[in-house]
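For reference, the structure discussed in these notes is given below.
Residue numbering restarts at 1 for every chain, and letters A, B, ... go by the order of the sequence lines.
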There are 2 protein chains.
Amino acid sequence: MTVKGRRQEYVEATRAALLDSALELFTEKGFAQTSLDEVAAAARLTKGALYHHFAGKQALFEQVLATVNDRIAQTVVEAGAEVDEPWARLTRGLDAFLDACLDREYQRICLRQAPAVLGWERCRELEAGMMGLLDAMLRELAVAGRSRLQPSPLLTRVLFRMLSEAAMAIGEAEDPKAARVEVGVLVEELLHSVHGGNAGSLTSR
Amino acid sequence: MTVKGRRQEYVEATRAALLDSALELFTEKGFAQTSLDEVAAAARLTKGALYHHFAGKQALFEQVLATVNDRIAQTVVEAGAEVDEPWARLTRGLDAFLDACLDREYQRICLRQAPAVLGWERCRELEAGMMGLLDAMLRELAVAGRSRLQPSPLLTRVLFRMLSEAAMAIGEAEDPKAARVEVGVLVEELLHSVHGGNAGSLTSR
DNA sequence: TTGGCCAGATACTCTGAGTATGGAATATCC
DNA sequence: GGATATTCCATACTCAGAGTATCTGGCCAA
């Protein structure tokens, strides 16, 4: 681990600049509507640099996606780690997730465009981390004997997509804050009837 | 309303031929991977004819989509119309829907590609018919006092997307028939805990 | 018959992703 | 420390394919 030389710093800076421009443009104009020349120009570079660092347009998008995705996953994990009780962890995580949905970049990049650009299967591969989080929480709940339905990959998957849709609804609403609240209530009710039907309070043992 | 002349018959035939080729190619190769020249050639025509009948590639796709969508909606409506009791109508409709998901064209065109090609908002506009069906059934259920949650556009939307995801899961499975069964069970359980928690039997009054 | 019109064909433009190549700076080797 | 390889990025190109402009042959109405 030698200290980074000037050269390497420059290289990383151009790469980061490309990712930044791409994130900005993909978010604002959409993947199909932004050309690679634009991305490069916005970073004061040329397509040559871009193709040096990334395999192609899709690969560039994937990197951008991963960045945003990781950021959100991080906050969800942190929110969940604050508590121990399974149900509380789940609701905390969901809250953090829904809050993240107010983030324009997450909305546009991860929710709206990712499936269109990469296709559903590839997209699901990249979503595996998030799905894993949800799956783990549901299993915890099951172990604690707090769920009617036993967890299964299919259940997790279906619930995850439901959350994504709820998330998109938040982003599309004219008043996202209000929508956030409405969605929060609905999701809690849903989870409650699906999993916690036996408990009236979220904090019950 | 005069009888159709030869000429008009020919015109309708070429239009239909274009739609057929497009359906075939979009289904098999995907929207982005099929060129309009291919579509035209497959119908033994040229791009000129295609642009004469359709405003562009997206418009062509929309027509194809509408065709498939209407076909499925039709079967769902018919299945629901066979019974009167709200809960039975819902389960019948869902069964018909999930069966339809075994259809390759519905899978590829409506579920997989539509959002990518047209964008989510336009896609939802075209899904309005289907959503309306689900919404009506849920309201019926609520009127009959058979649901814990009161119906709302958001609830309908979220449940609808959940069904779409379940539908995609069916289509992707190595054994769609088996997946169909698994999904059927899960969906029934879910709806049961969300809406019919008070009833043990699907046919109870 | 004749002029207009419509379905469809032909030939074009133009954008943008991807490629080939060049060249300057830096790293590596002897 | 000079020669050589390698890295990073720029310039100049190809090529596919969506969309457009224009043409033509047949049908219908007057």
Side-chain angles (χ1 to χ4, degrees), chain A residues 1-26 28-65 113 116-119 122, chain B residues 1-26 28-65 113 116-119 122:
Chain A
M1 276 283 114
T2 157
V3 66
K4 271 182 286 196
R6 272 244 132 57
R7 163 105 180 203
Q8 189 165 349
E9 277 185 21
Y10 290 160
V11 171
E12 287 172 8
T14 74
R15 187 187 159 90
L18 286 168
L19 282 174
D20 278 352
S21 318
L23 172 57
E24 161 83 12
L25 287 168
F26 287 161
E28 296 309 320
K29 304 183 43 179
F31 179 81
Q33 279 64 45
T34 74
S35 75
L36 294 183
D37 285 312
E38 275 181 286
V39 173
R44 287 174 305 152
L45 292 162
T46 66
K47 224 167 26 173
L50 204 158
Y51 272 96
H52 182 75
H53 285 280
F54 303 94
K57 202 181 179 186
Q58 304 233 0
L60 175 62
F61 183 86
E62 265 195 40
Q63 288 303 311
V64 170
L65 175 65
Q113 306 195 52
V117 175
L118 303 176
R122 181 74 187 121
Chain B
M1 279 284 112
T2 157
V3 65
K4 271 182 287 197
R6 271 242 132 56
R7 181 86 188 269
Q8 189 166 350
E9 277 185 22
Y10 291 159
V11 170
E12 287 172 9
T14 73
R15 187 187 158 90
L18 287 168
L19 282 173
D20 279 351
S21 317
L23 173 56
E24 160 83 13
L25 288 168
F26 287 161
E28 296 310 320
K29 304 182 45 179
F31 179 81
Q33 280 63 43
T34 74
S35 75
L36 293 183
D37 285 313
E38 275 181 287
V39 173
R44 288 175 304 152
L45 290 162
T46 65
K47 224 170 21 174
L50 204 157
Y51 272 95
H52 183 75
H53 284 279
F54 304 95
K57 203 182 181 188
Q58 304 232 1
L60 176 61
F61 183 87
E62 265 194 41
Q63 288 303 311
V64 170
L65 175 66
Q113 306 194 52
V117 175
L118 304 176
R122 182 74 187 120

_Within the 4.5 Å heavy-atom criterion, are A:Leu45 and A:Val39 side-chain neighbours or not?_
no
*In whole angstrom, what separates A:Tyr10's OH from C:dA24's P?*
19 Å
_Using 0.5 Å steps for rounding, measure from the NE2 atom of B:His52 to the OG1 atom of B:Thr46._
11.5 Å
*asked:* So, taking the atom named CG in A:Leu23 and the one named CD in A:Glu28, what distance separates them when rounded to the nearest 0.5 Å?
replied: 9.0 Å
*Residue-level proximity of residues 35-45 of chain B to DNA chain D when a heavy atom falls under 4.0 Å*: B:Ser35, B:Leu36
*Hey, does the side chain of B:Glu38 reach the backbone of B:Leu25 with a donor-acceptor pair shorter than 3.5 angstrom?*
no
*asked:* Taking the side chain as everything from C-beta on, heavy atoms only, tell me whether A:Phe26 gets closer than 4.5 Å to A:Leu65.
replied: no
*Between B:His52 and C:dG8, does any side-chain N or O lie under 4.0 Å from OP1 or OP2?*
no
*Find the distance A:Gln33:CD to C:dG16:P and express it as a whole number of Å.*
10 Å
*Specify the separation, in whole Å, of atom CG of B:Leu50 and atom P of D:dG17.*
15 Å
*Let me know the distance between OH of B:Tyr51 and P of D:dC23, rounded to the nearest Å.*
20 Å
*Rounded distance [0.5 Å steps], CZ in A:Arg15 versus CG in A:Asp20*: 11.5 Å
*How close or far is atom C1' of C:dG18 from atom NZ of A:Lys57, stated in whole angstroms?*
12 Å
*asked:* How close do B:Val117 and B:Gln58 get, counting heavy atoms only, and between which atoms?
replied: O-OE1, 3.2 Å
_Selection: residues 58-65 of chain A, any non-hydrogen atom under 4.0 Å of DNA chain C_ = none
*Kindly compute the distance separating OH (B:Tyr51) from CG (B:Leu18), expressed to the nearest 0.5 Å.*
12.0 Å
_Closest approach to the side chain of B:Val11, judged atom by atom: which nucleotide of C:dA17, D:dC8, C:dA7 is it?_
C:dA7
*The side chain of B:Lys47 lies closest to which of these nucleotides: C:dA9, D:dG19, C:dG18?*
D:dG19
_Under 4.0 angstrom between A:Thr14 side-chain N/O and D:dC9 OP1 or OP2_ = yes
*asked:* Below 30° counts as parallel, above 60° as perpendicular, anything between as tilted: where do the rings of A:Phe31 and A:Phe61 land?
replied: perpendicular
*Under a 4.5 Å cut-off applied to non-hydrogen side-chain atoms, are A:Glu62 and A:Arg122 in contact?*
yes
Below 3.5 Å is the cut-off: list the nitrogen or oxygen pairs between protein and nucleotides 26-30 of chain D, distance only.
none

*What is the distance, rounded to the nearest whole Å, between atom CZ of A:Arg15 and atom P of D:dC9?*
11 Å
*Round to the nearest Å and state the distance from B:Phe54 atom CZ to D:dG19 atom P.*
14 Å
_I want to check one thing: is the phosphate of D:dC9, taken as OP1 and OP2, less than 4.0 Å away from some side-chain N or O of A:His53?_
yes
_Nucleotide D:dC8, atom P - distance to CD of A:Gln8 in whole Å_ = 9 Å
*To the nearest 0.5 Å, what is the distance between OG1 (B:Thr14) and NE2 (B:His53)?*
3.5 Å
*asked:* Please give me the minimum heavy-atom distance between B:Lys47 and B:Ala40, naming the atom from each residue.
replied: N-CB, 3.7 Å
